[in-house]
Amino acid sequence: MTTVAAYAAPAAKAPLERTTIERRAVGEFDVLIDIEFAGICHSDIHQAREGWGTAIFPMVPGHEIAGVVSEAGAGVTKYKVGDRVGVGCMVDSCRECENCLQGLEQFCLKGMVGTYNAVGKDGEPTYGGYSQKIVVDENYVVRIPDGLSLDVAAPLLCAGITTYSPLRHWNAGPGKKVAVVGLGGLGHMGVKIAHAMGAEVTVLSQSLRKQDDGLKLGADHYYATSDPKTFEELAGTFDLIISTVSAPMDFGALLSLLKVDGALVNVGAPEEPVSLNLFSVIGGRKTLAGSMIGGIRETQEMLDFCAEHGIGAEIELINAAEINEAYERVLASDVRYRFVIDTATI
Ligand code: NAP
Ligand code: ZN
Ligand code: ZN
């Protein structure tokens, strides 16, 4: 066991504070990772505040982890000391079910083991990236390509893959009109990735406040959802809409923006349910779908794609002492566009 400095929420809604945690001894197939950077995902806030239901405390959030391998178990074949690696939202799964076997470990039939706020196969709670080291089975670790700096790569481990996966699955590319709803951590990655895939990209944000940024990130068009004219002008426009909104949304209004056979894919995980008039999918044979992160193989594919296209996150690097303030700013949609913790400051 190794004692490691970390930032933890001691109880639901309590501010995060510095503490120490124990990491398991490095097993045969484990790597010890010296964490350099950890992104702050809105999911960290939902969970630290028990917005999704009962959670495990103390909680060390963080599932956007970038660092360097500092020790490898005797059976490890994929990584060696000094390798630049990442860990996303899961650190284990059953490895045997049909979903795991297809590389869809996030949908493991026995339940994936979350990087934090979960219980590992050893029966111990898992603790995430707001810490200086983590021990992870090599099969749940991905390689960060040389072309990507670790700080801007960290957010790719959740925000990147969560937008890449549905964009790929629903064939974003040349000739496709794609809208991204919400220009936060996920949304800004969605814009960059959809643009790199060759799609025509529109941002649908609450206001035009971030329009200049959105266009620089690669969007072709930018509209405010607070303006009712947006919905008149864009009715029937999109092949694909990815909603990254963290609060309940009017999905009926978003569905009205799809072409016939278009798909609205929701990746946002609001704490409250939404209601929907089903006539909004009947007319136009529309699809309302969801998507959750991506499998390990696809996460590696996404990192390689991002390196090839020179895509990292737009980040605001913070010290650990600023985590609580960063949470408030995320809640106020005042994030440009991902807070990343310099874990040396923990
Ligand atoms: P974020 O950085 O806070 O971005 C969310 C954006 O949604 C905000 O920047 C804002 O964009 C918009 N928004 C917020 N409140 C809104 C409201 N009341 N009405 C309309 N728009 C609103 O959060 P994130 O880290 O990108 O995460 C977004 C959501 O995805 C969270 O619920 C998170 O838990 C979830 N998530 C899901 C997965 C998955 O696998 N499915 C993975 C990661 C995260 P504008 O200011 O541009 O309007
Ligand atoms: Zn996340
Ligand atoms: Zn499984």
Side-chain angles (χ1 to χ4, degrees), residues 38-49 51-52 61-65 88-90 92-117 128-129 154-166 180-191 203-211 213-214 217 219 222-226 242-251 253-254 265-272 274 289-295 299 313-316 326-339:
I40 294 180
C41 177
H42 204 121
S43 303
D44 299 347
I45 306 174
H46 289 303
Q47 292 177 85
R49 302 191 173 192
W52 292 343
H63 56 211
E64 293 185 335
I65 298 172
C89 299
M90 58 188 157
D92 216 335
S93 67
C94 87
R95 309 172 192 212
E96 290 167 358
C97 73
E98 57 180 300
N99 296 341
C100 281
L101 292 176
Q102 275 188 73
L104 295 170
E105 300 91 346
Q106 75 274 34
F107 305 128
C108 174
L109 293 173
K110 295 199 175 131
M112 69 174 206
V113 178
T115 303
Y116 67 89
N117 191 25
L156 302 179
L157 276 302
C158 177
I161 184 61
T162 301
T163 48
Y164 179 91
S165 183
V180 175
V181 192
L183 195 67
L186 267 55
H188 96 287
M189 289 312 313
V191 170
V203 174
L204 300 172
S205 179
Q206 291 167 95
S207 71
L208 296 180
R209 219 159 34 102
K210 296 178 272 189
Q211 182 169 22
D213 290 350
L217 292 167
Y222 200 106
Y223 288 85
T225 51
S226 54
I242 309 278
S243 176
T244 72
V245 173
S246 49
M249 274 294 281
D250 182 349
F251 282 103
L254 293 180
V265 183
N266 173 64
V267 293
E271 300 175 6
E272 306 297 333
V274 295
S291 187
M292 194 176 85
I293 48 171
T299 303
E314 301 300 311
I315 64 165
E316 196 171 321
Y327 273 25
E328 293 307 322
R329 285 187 50 198
V330 171
L331 289 168
S333 299
D334 178 26
V335 50
R336 310 228 172 159
Y337 283 85
R338 202 56 142 183
F339 289 107

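The figures that follow rest on heavy atoms only: side chains count, while hydrogens, waters and symmetry mates do not. In each ligand, atom 1 is the first atom listed, and ligand 1 is the first ligand listed.
- In summary, the atoms of ligand 1 found under 4.0 Å from a heavy atom of Trp52, numbered by their order in the structure, are 34 (O).
- Ligand-side atoms of ligand 1 in range of Lys210: 9 (O), 11 (O), 45 (P), 46 (O), 47 (O), range being under 4.0 angstrom from any heavy atom.
- Atoms of ligand 1 found under 4.0 Å from any heavy atom of Ile293, numbered from 1 in the order shown, are 39 (C), 40 (O).
- Side-chain contact between Leu157 and Thr299 is present, with heavy atoms from C-beta onward closer than 4.5 Å.
- Inspection of the environment of the Zn ion (ligand 2) yields the following protein N, O or S atoms under 2.8 Å: Cys41 SG, His63 NE2, Cys158 SG.
- Inside a sphere of radius 2.8 Å centred on the Zn ion (ligand 3), the protein N/O/S atoms present are Cys94 SG, Cys97 SG, Cys100 SG, Cys108 SG.
- Of the options Val267, Ile40, Val181, the smallest heavy-atom separation from atom 41 (N) of ligand 1 is shown by Val267.
- When only modelled atom types and interatomic distance are considered, Tyr327 and Asp44 share no side-chain donor-acceptor pair under 3.5 Å.
- Annotation for ligand 1: atoms under 4.0 Å from non-hydrogen atoms of Thr244 are 5 (C), 28 (C), 29 (C).
- Polar contact with ligand 1: absent for Pro248 (N/O pair, distance under 3.5 Å).
- Under 4.0 Å from ligand 1, the heavy atoms of Ala247 that appear belong solely to its side chain.
- With atom 26 (O) of ligand 1 as the reference point, the heavy atom nearest to it among Leu204, Leu183, Leu186 is part of Leu186.
- Contact between Gly268 and ligand 1 is present, with at least one heavy atom of the residue lying under 4.0 Å from the ligand.
- With a 4.0 Å heavy-atom cut-off, ligand 1 is reached by the side chain of Cys158 but not by its N, CA, C or O.
- By the 3.5 Å distance cut-off applied to N or O atoms, Ser291 is counted among the residues near ligand 1.
- Those atoms of ligand 1 that come under 4.0 Å of a heavy atom in Met249, given as number and element, are 20 (C).
- Considering both main-chain and side-chain atoms, Tyr337 never comes within under 3.5 Å of ligand 1 through any nitrogen or oxygen pair.
- Heavy-atom proximity to Val335, at under 4.0 Å, picks out these atoms of ligand 1: 2 (O).
- Not one N or O of Tyr222 is nearer than 3.5 Å to an N or O of ligand 1, by distance alone.
- The shortest heavy-atom distance from Gln106 to ligand 1 is not under 4.0 Å.
- Counting heavy atoms closer than 4.0 Å to ligand 1, residue Val245 contributes atoms from both its backbone and its side chain.
- Residue Phe339 places every heavy atom at 4.0 Å or more from ligand 1.
- Listed by chain and number, the residues in a ring-ring contact (aromatic ring centres under 6.0 Å, His included) with Phe339 amount to none (sequence neighbours excluded).
- In this structure, of Gln206, His42, Glu64, the residue bringing a heavy atom nearest to atom 20 (C) of ligand 1 is Gln206.
- Counting atoms of ligand 1 from 1 in the listed order, those under 4.0 Å from a heavy atom of Ser205 are 45 (P), 46 (O), 47 (O), 48 (O).
- Polar contact check, Pro270 against ligand 1: no nitrogen or oxygen pair lies under 3.5 Å apart.
- Remark: Glu316 engages Arg329 in a salt bridge (charged side-chain N to carboxylate O under 4.0 Å, His left out) (not counting sequence neighbours).
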